A.B. asks: 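There's a structure below that I have some questions on.
Computed from a predicted structure; not experimentally measured. For ligands, and for the atoms within them, numbers begin at 1 and follow the listed sequence.
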Amino acid sequence: MSEISLEEFRSRRARAFAALDGGAAIVPSATVLLRNGDSDYPFRQNSDFLYLTGFTEPDAVLVLLGDHRSVLFMRPKDRASEVWTGHRLGLDDAPATLGVDIALDIATFEEKLPELLVGCEHLSYDFGNDEARDRSIFAAIRAARGLTRRKGVAPHTLHGLNTWIAELRRIKSPAEIERMRTAAAITRRGHIAAMQAVTPGMHEYDLQAILEYEYRRAGAQGIAYESIVATGANATVLHYVENRHRIADGDLVLIDSGAEYHGYAADVTRTFPANGRFTSEQRALYEIVLQAMNDAFAHVRPGVARTAYHDRAVATITQGLLDLGILHGSFDEAIETQAYQEYYMHGTGHWLGLDVHDAGRYRDHDDTPTRLEPGMALTVEPGIYVRHDAPCDPRFHGIGIRIEDDLLVTGDGHENLTASIPTSIDDISAIMREKVSA
Ligand SMILES: [Mn+2]
């Protein structure tokens, strides 16, 4: 099942109990979604549930209780169903395999929940995602109140899960970091294969197929998010996932794609010329983005505000665009009026982990930007996007560039998990020259 040890899942739940401070929590698994007929969408476990249990089956609910018992409601063994949909862990093996205290049949969830909630004053649960479950939980709280005439208290305060699970998930353990390293290494294979295969006349989907083929055959469960393979002006559309266009000679290819490995995401963007040679306009903009990235890296270290590396990237991009005559006026004015937003309209990164945009707040409770701590993982992803109607010299029109790496904050700075995927023009050109024969 899981390569992450039982001990680690126990310690995650122990930290959850500490955060709950005598309260209870209800953390549901994901459910299988019907696509049509007898076909389902691919199942991906809910990340909070996966973080606390390591359990990959649907139709389960983890209940953490104020007395530090963990109860897992789950599907029982069922030979007839298992013939169709595969092995189920079952109630008997769950405590030893997952380290939970009690395993119960999910069919008894509504019946058993009230008595479990007696004694817990606070309840954490994300209302609003599943109305049927919301109703059954309200009913359980009401029923628990009915039981308190005989014993104890029932929940009277409700909290979201995000207030505490996201905090636990923000700092990655060595086992998590190991998986993220593997996701990064697999992602490297895909990106390099795409760089070496590209040739004008191919289609964007050819490169998408190559990326995802490499991920799968390196053992990834799949993609961490829909791959973006955008050529030419498509690269100025931030979340272009259509991937249907023919690749023209002279186009830049922007690939934003990452593998998922045992639940952990990589998120990498590289931009390179389809024919192996940057035009002078492409090169000029590319060098600015690369400089912005390298400048931003210096601000990824413990104790620094999370906003600092974005501010640094914005400053480098703004200066670069002024130098090229794409922006006008003074640097201070361009920053003050956010004139750069015409060409750089997104943030320079996000947390990374089980989710590609991982859980965790970006501002502290006093509304100051969160400060980086060892064990946090994030992306650094500056870009420049010049749309066809942008108010600048038309020779820059239709160029979109983004470069993105995955960084782990360490005790004295950071480790770039995706540094071995080339970013400099020289390194990209060298890799592309080692082209595999088509
Ligand atoms: Mn990203």
Side-chain angles (χ1 to χ4, degrees), residues 44 47 166 169-170 172 176-177 179-188 190-191 194 207-208 211-212 215 220 222-230 234-241 243 252-261 263-272 286 289-290 292-297 299-300 306-314 317 341 343-362 369-370 372 376-385 400-409 414-423:
R44 165 58 159 77
S47 293
R169 283 175 51 189
R170 227 162 39 145
K172 272 65 183 177
E176 293 185 286
I177 292 165
R179 288 179 170 209
M180 293 184 72
R181 268 188 225 291
T182 306
I186 292 172
T187 299
R188 174 181 187 275
H191 276 261
L207 297 183
Q208 179 182 5
L211 288 162
E212 297 176 13
Y215 299 165
I223 46 176
Y225 55 97
E226 288 301 310
S227 298
I228 295 170
V229 181
N234 295 333
T236 66
V237 177
L238 299 180
H239 288 168
Y240 173 86
V241 291
N243 302 349
L252 284 181
V253 182
L254 183 156
I255 293 182
D256 183 343
S257 175
E260 179 174 289
Y261 183 70
Y264 288 84
D267 181 6
V268 172
T269 309
R270 290 294 183 266
T271 308
F272 50 93
Y286 189 90
V289 177
L290 186 59
M293 181 160 191
N294 288 322
D295 291 349
F297 284 162
H299 297 265
V300 180
R306 196 209 71 89
T307 44
Y309 77 87
H310 171 67
D311 295 343
R312 183 58 249 181
V314 164
I317 287 169
Q341 289 256 10
Y343 303 100
Y344 183 42
M345 61 297 279
H346 61 74
T348 308
H350 48 80
W351 305 131
L352 181 71
L354 284 168
D355 296 326
V356 63
H357 288 199
D358 207 35
R361 62 191 150 80
Y362 289 96
T370 296
L372 300 179
M376 290 178 171
L378 50 82
T379 66
V380 178
E381 49 178 311
I384 294 177
Y385 314 90
I401 293 162
R402 179 165 63 254
I403 315 174
E404 176 175 27
D405 273 334
D406 300 345
L407 272 62
L408 174 72
V409 182
H414 65 260
E415 178 187 340
N416 183 346
L417 301 177
T418 51
S420 65
I421 312 174
T423 54

A.B. asks: Whether the side chain of T348 engages the backbone of P382 through a donor-acceptor N/O pair (distance < 3.5 Å, no angle test) should be reported.
C.D. replies: no

A.B. asks: Counting backbone and side chain alike, does H357 bring an N/O/S atom below 2.8 Å of the Mn ion (ligand 1)?
C.D. replies: no

A.B. asks: Looking at side-chain heavy atoms only, is the closest gap between V409 and V300 below 4.5 Å?
C.D. replies: yes

A.B. asks: Determine which of the N, O or S atoms in E404 is closest to the Mn ion (ligand 1) and give its atom name.
C.D. replies: OE2

A.B. asks: By atom name, which N, O or S atom of E381 is the nearest to the Mn ion (ligand 1)?
C.D. replies: OE2

A.B. asks: Which is the closest N/O/S atom of D267 when seen from the Mn ion (ligand 1)?
C.D. replies: OD2

A.B. asks: Report the distance from atom CZ of F297 to atom CG of L407, rounding to the nearest 0.5 Å.
C.D. replies: 5.0 Å

A.B. asks: Return the minimal non-hydrogen interatomic distance between S227 and N243, and the atom names on each side.
C.D. replies: O-ND2, 2.9 Å

A.B. asks: Please determine whether D256 has a backbone or side-chain N, O or S atom lying under 2.8 Å from the Mn ion (ligand 1).
C.D. replies: no

A.B. asks: Do the charged groups of D405 and R270 touch, with an N to O distance under 4.0 Å?
C.D. replies: yes

